[in-house]
There are 2 protein chains.
Amino acid sequence: MQILRQLSEFLFSGVPVLAILAFSGIVLLPVLLPVAGTDHALEDSTGRVPRNVTDFERLALGNVQDGSARLWAFIFAVYWVSFVTYFILWRSYKHVSNLRAAARSTSDVKPEEFAMLVRDVPVPPPNQTIKDSVDSYFRALHPDTFYKAMVVTDITKADKIFQEIEGHKHKIAHAEAVYAESKIANRPEGTRPTHRTGFLGLIGKKVDTLEYCNEKIKELLPKLEDEQKSTLSEKQQRAAFVFFNSRAAAASASQTLHAQMFDEWTVTEAPEPRAVIWTNLPRKIYDRQTRQTVVYLIVFVTVVFYMIPITAISAVTTLEQLRKKLPFLKVVVDQPLLKTVLQAYLPQIALIVFLALLPTLLVFLSKSEGIPSQSHVVRASSGKYFYFIVFNVFIGYAIGSSLFSALQKVIENPTGIVTTLGSRLPGNATFFLTFVALKFFVGYGLELSRLVPLIIFHLKRKYLCKTEDEVRAAWAPGDLGYNTRVPNDLLIVTLVMCYSVIAPLILPFGVAYFALGWLIAKNQVLRVYVPIYESNGRMWPHMHTRIIAALMIYQATMLGIIGLKRFYYSTILAPLLAISLIFAYTCHTRFYPAFAKTPLEVASQQLKETPNMSTIYTAYIPACLKPEKLEDVEVFEDAQSRTTSRAPSF
Amino acid sequence: MQILRQLSEFLFSGVPVLAILAFSGIVLLPVLLPVAGTDHALEDSTGRVPRNVTDFERLALGNVQDGSARLWAFIFAVYWVSFVTYFILWRSYKHVSNLRAAARSTSDVKPEEFAMLVRDVPVPPPNQTIKDSVDSYFRALHPDTFYKAMVVTDITKADKIFQEIEGHKHKIAHAEAVYAESKIANRPEGTRPTHRTGFLGLIGKKVDTLEYCNEKIKELLPKLEDEQKSTLSEKQQRAAFVFFNSRAAAASASQTLHAQMFDEWTVTEAPEPRAVIWTNLPRKIYDRQTRQTVVYLIVFVTVVFYMIPITAISAVTTLEQLRKKLPFLKVVVDQPLLKTVLQAYLPQIALIVFLALLPTLLVFLSKSEGIPSQSHVVRASSGKYFYFIVFNVFIGYAIGSSLFSALQKVIENPTGIVTTLGSRLPGNATFFLTFVALKFFVGYGLELSRLVPLIIFHLKRKYLCKTEDEVRAAWAPGDLGYNTRVPNDLLIVTLVMCYSVIAPLILPFGVAYFALGWLIAKNQVLRVYVPIYESNGRMWPHMHTRIIAALMIYQATMLGIIGLKRFYYSTILAPLLAISLIFAYTCHTRFYPAFAKTPLEVASQQLKETPNMSTIYTAYIPACLKPEKLEDVEVFEDAQSRTTSRAPSF
């Protein structure tokens with residue numbers, strides 16, 4: 001647990017980013033501020049600084065005269081920031097890699113380390129169930145290490161019944177608490193809680209909640225059992241989990257190509273039981289590839305053209321249209337003042353709604369790709385979100401025109417992007433400084449105090465929660481929220497890095513942002529958030545690549561800006577881009593395999609206890625299929641292969 | 001053996017290419033020839049065909065008028081050729097894949113299937129030899145399946161002594177044959193053969209060959225033994241072969257990531273013993289990466305700028321210069337006629353010498369990359385050669401200017417290449433038709449009759465060979481020569497494909513070329529060539545990719561040509577390029593893994609006999625380290641770990 005905490009903390013807090021910015025600042029502030037501050041580019045012909053030029057602008061690159069030898073200091077600064085970044089990223093990758101190895105080689109028994117996910121199981125011969133064909137295939141290939149296989153089943157129907165039962169159980173607990181309360185306060189016999197059976201409990205017959213629910217459960221339980229049985233035997237899907245009797249065997253098997261044809265028996269490491277997305281498992285390989293292509297296309301279109309649907313929606317949803325379609329809005333819309341305000345802000349409101357829904361949309365899209373685990377979905381959607389915000393907030397704003405027309409320019413003249421960025425960025429320094437400061441004060445304030453969750457919690461406790469379980473559920477802070485948090489932090493990194501040399505005064509704000517972020521993360525990870533699943537730091541390579549992407553945007557920008565200052569040595573910066581690429585490639589080949597696969601070294605560590613294989617197996621049984629008592633696991637298995645025993649043996 | 005023969009035959013002969021061209025021809029000839037032949041673009045204003053227009057030109061795309069609806073037939077033809085290619089390539093990949101699986105799952109024991117190559121062994125602790133650290137590492141990770149490890153040693157010195165001994169043995173055999181011959185012909189006691197010990201046997205002391213060589217061998221044998229021992233114990237390198245007691249274990253282990261750090265203990269499948277390049281094995285991973293980058297750079301420069309060094313060399317080596325530096329050439333050079341001829345052709349001679357040396361140069365470069373096996377080197381150099389000839393012979397000639405200036409144009413205007421190819425290619429149809437025909441008549445004639453090898457063989461037998469072994473060595477036809485043969489065939493494919501629609505009459509020549517090629521290959525593979533090593537069809541994915549590359553060049557060209565005919569529906573061809581990419585990607589994901597790795601299915605086939613592990617182990621001992629008797633293998637092993645037993649145990 002100690003190691004896992006360290007790991008989450010490291011990823012969540014952006015310590016490496018803090019280090020990069022701090023080390024950059026230590027050199028850049030004392031070197032660049034005097035160099036820029038004592039030059040005279042912003043002075044007018046009489047040698048005076050105009051009034052509208054702030055001190056912030058005087059201490060920036062803009063105050064250095066064209067072609068001045070002072071620009072050497074800025075070139076040196078770019079090199080300094082780049083090499084600090086390489087150094088810190090290398091150290092961090094090593095650190096995370098070691099933490100991951102330590103986390104994975106602890107002596108705790110983790111079910112996912114004994115399992116392997118098999119997809120694209122071929123259609124079995126007519127006299128065999130899928131379960132039997134999986135069993136016989138893997139028993140033949142891994143005679144000494146194969147333990148058991150569990151075929152994925154279509155649990156939609158069983159899960160529906162199960163959720164219904166759970167809902168009734170929950171209602172009973174709630175009603176009992178209400179009943180007990182009423183006894184104490186009012187009359188000793190109390191009021192038996194009632195509710196209506198219709199829509200949302202508003203219409204329909206009034207019934208006694210406790211009796212009604214108990215009856216319902218009694219009715220549903222045999223139904224569930226029947227459904228469980230038929231699910232297990234008849235709804236087997238062409239995917240399975242295969243369990244091995246040692247971690248090394250599972251690690252080795254999941255990395256080995258099994259079938260001659262790539263579209264059969266594809267194996268991967270098993271995701272953690274809590275993170276499995278069951279509905280995605282049976283998707284075939286071609287289905288997955290097609291879905292991925294379509295999703296990438298949609299995301300690309302969203303990133304580049306997102307303003308178009310927004311404009312379209314806001315055009316359709318003019319007030320007049322709304323008034324016609326939703327007559328009950330008339331009262332509001334017909335007031336002249338409100339009408340003016342609404343008419344002016346409707347497009348902005350559409351934009352805000354879109355931006356608020358975007359992370360959810362991206363998670364949905366990533367899930368549709370056919371990814372087998374939640375943690376992978378989070379990584380995938382976080383990556384998409386990063387591109388969206390960097391392209392739209394940063395590049396889009398900086399270039400100052402719609403991204404679409406900028407893209408057109410880029411296609412016409414690929415090297416022009418450097419000059420464009422170079423000419424537009426310095427002017428926006430103040431805006432982005434404010435942006436970072438705002439994020440710092442408002443964003444972290446909210447995060448630290450967790451004000452919104454607190455209010456919601458108190459409202460819930462007062463009016464809704466009656467049982468202990470309900471209070472606990474209301475208090476639960478949820479997961480770490482990597483998918484929006486990481487890209488937002490990475491945007492700040494990109495911003496601060498890009499302006500670090502243009503206007504070094506942004507650095508203290510960046511350092512402050514991540515320093516506070518670090519303190520908060522230490523607190524939140526330790527005391528607040530409870531991760532739902534653990535991916536042992538697989539988020540890091542993802543962040544690493546994007547920090548390098550930020551660095552390369554920065555290097556290209558600086559090449560453009562210093563070039564525009566008519567400083568002919570600016571091409572000295574060009575090799576940095578190549579160095580960044582080589583650095584990224586080297587890190588990838590050196591460290592990434594240990595994140596994508598389990599090294600045998602790590603998997604072969606001794607366990608402190610002999611693993612209880614049946615517990616490991618049980619961990620992967622979906623809740624709705626779990627027999628009431630654990631000893632019944634055998635039933636689960638028998639049911640899975642039952643069809644065979646019925647079939648005639650040849 | 002049957003399967004292997006089928007496999008080599010398939011690859012060597014280009015059956016798939018033959019099928020592609022034949023199926024294309026069946027439709028293209030009857031459809032396109034009438035469509036082109038009955039149009040009038042080449043007629044002059046009086047409606048007559050000018051004299052200098054050949055029938056060949058009248059039956060080609062050039063005779064179709066601009067914007068004519070007849071061009072639909074040509075667009076259909078491009079689609080037909082493309083889909084025929086997809087279909088045949090898919091079938092072929094499947095076929096080769098199955099053959100490979102069959103070849104690999106035969107019940108013969110092949111040493112490479114029980115072994116795994118380990119590179120980047122970390123520096124062992126001071127009290128351990130490399131052999132010990134390898135042993136203990138793999139014994140710990142594969143406790144049940146590990147058999148033995150063999151550390152790679154630096155055999156340069158031992159091999160030198162060994163070769164010397166072999167040379168003397170060879171001399172003795174030769175001398176004995178000469179001696180025996182002299183006895184019969186001349187006098188019963190015969191003449192004992194003698195030779196001189198100095199340079200090339202021309203100068204130095206005259207000695208009795210038999211006595212001298214026997215003495216030398218006696219002298220060298222103990223030296224070799226000493227060297228063997230010191231090599232085994234003191235010249236251990238940081239690479240090793242690890243042997244497992246089953247094929248499945250070896251296959252699985254070689255696909256599993258072993259170390260947490262990627263630059264330690266990297267494992268791959270073992271190459272065949274005969275194909276191992278010993279000197280490349282101990283190269284470290286960073287060394288390999290650097291070398292690869294440098295080699296790719298050199299090859300790129302060679303492909304693009306190869307005319308520059310040739311011109312430079314021919315400028316330096318003018319006759320005057322040669323005369324000064326090599327005075328003995330004066331006699332030749334001073335003759336006026338010879339001088340004129342030489343002066344005129346020296347650059348061409350330099351070019352021919354360069355082109356003749358190119359394959360050797362490319363093999364040398366590929367070897368320098370640090371590739372561990374001969375068969376991989378052949379694939380790598382064949383790939384490089386393909387790019388060279390396609391870029392220089394085909395594109396270079398077609399664009400009609402130096403490739404360098406063409407590249408400049410491409411960088412300035414990327415889509416221009418399509419138009420350039422489109423405008424230049426049709427004019428060269430006759431030239432390339434002749435080229436293919438020439439290849440067909442001259443190339444295959446030489447190949448089939450093996451005239452040059454025959455002459456060399458008879459000369460050798462007459463004047464040099466005395467013993468049986470020598471005759472056999474002289475007769476040996478050598479390997480299949482994939483590295484120049486495959487790229488040359490692929491050039492023909494590219495040519496014929498690109499002109500198949502422009503001038504369909506080229507198709508019969510292409511079909512004839514590959515049909516004869518197929519017959520010859522059947523004969524040569526069956527009766528002539530003896531492959532030195534077997535890679536079980538790993539050449540195919542390589543050829544597959546390049547055929548798709550040829551197809552895409554073709555599609556781009558046709559897009560340009562039909563576009564230039566002012567036919568606005570020509571963009572209908574654009575999707576073909578995307579389809580080709582998707583096809584290539586699908587084939588790669590579907591079939592390639594089974595070529596790059598051994599599927600467990602295949603490795604788990606039963607063997608007909610229990611493998612003799614010590615024979616497998618012995619197969620990897622280099623000839624110069626092999627003890628005289630096979631039972632001494634234990635000695636080899638003891639020697640490898642001896643240093644430990646000496647070291648104090650802690």
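Scope of the values below: all heavy atoms of this structure, side chains included, with no hydrogens, waters or symmetry mates. Protein chains get the first letters and strands the later ones, always in sequence-line order, with residue 1 at the start of each.
Legend: residues meeting side-chain contact (heavy atoms from CB on, under 4.5 Å) with B/A239, ordered by chain and number and at least two apart, are B/V152, B/L281. Not counting sequence neighbours, the partners of A/A250 by the side-chain contact (heavy atoms from CB on, under 4.5 Å) test are A/F244.
If you tally non-hydrogen atom pairs under 4.5 Å between each of A/P593, A/A140, A/A596 and chain B, the highest count goes to A/P593. Highest contact tally toward chain A, considering only B/A594, B/A603, B/A101, B/A259, is held by B/A259 [criterion: heavy-atom pairs under 4.5 Å]. Ranked by non-hydrogen atom pairs under 4.5 Å with chain A, the options B/I285, B/V602, B/L141 are led by B/L141.
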Which atom pairs, one donor and one acceptor, sit under 3.5 Å between chain A and chain B?
unit_1, atom_1, unit_2, atom_2, d
A/S97, O, B/Q260, NE2, 2.8
A/S97, OG, B/Q260, NE2, 3.0
A/Y137, OH, B/E601, OE2, 2.7
A/S252, OG, B/S252, OG, 2.9
A/S252, OG, B/T256, OG1, 3.1
A/Q255, OE1, B/L257, N, 2.6
A/T256, OG1, B/S252, OG, 3.1
A/L257, N, B/Q255, OE1, 2.6
A/L257, O, B/L600, N, 2.8
A/H258, O, B/L600, N, 3.4
A/H258, O, B/E601, N, 3.0
A/Q260, NE2, B/S97, O, 2.8
A/Q260, NE2, B/S97, OG, 3.0
A/F262, N, B/R590, O, 3.1
A/D263, OD2, B/R590, NH1, 2.2
A/Y286, OH, B/R590, NH1, 2.7
A/R590, O, B/F262, N, 3.1
A/R590, NH1, B/D263, OD2, 2.3
A/R590, NH1, B/Y286, OH, 2.7
A/L600, N, B/L257, O, 2.8
A/L600, N, B/H258, O, 3.4
A/E601, N, B/H258, O, 3.0
A/E601, OE2, B/Y137, OH, 2.7

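Put simply, the side chain of B/L89 reaches to within 4.5 Å of the side chain of B/I548, judged on heavy atoms.
Counting non-hydrogen atoms of other residues, nucleotides and ligands closer than 6.0 Å to CZ of B/F87 gives a total of 12 or fewer.
Neither the backbone nor the side chain of B/A248 comes within less than 4.5 Å of any heavy atom of chain A.
A pairwise comparison of heavy atoms in B/V134 and B/A149 identifies CG1-CB, 3.6 Å as the closest pair. Residues B/P16 and B/I88 share a closest heavy-atom pair of O-CG2, 3.4 Å.
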Inset, instruction - Start with the C-alpha gap between A/F241 and A/L117, add the side-chain angles, then the distance that decides, and say whether side-chain contact (heavy atoms from CB on, under 4.5 Å) holds. - result: CA-CA 5 Å; A/F241 285 101; A/L117 172 61; 3.9 Å; yes
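Taking CZ of A/F583 as the start and CE of A/M552 as the end, the distance is 12.5 Å to the nearest 0.5 Å.
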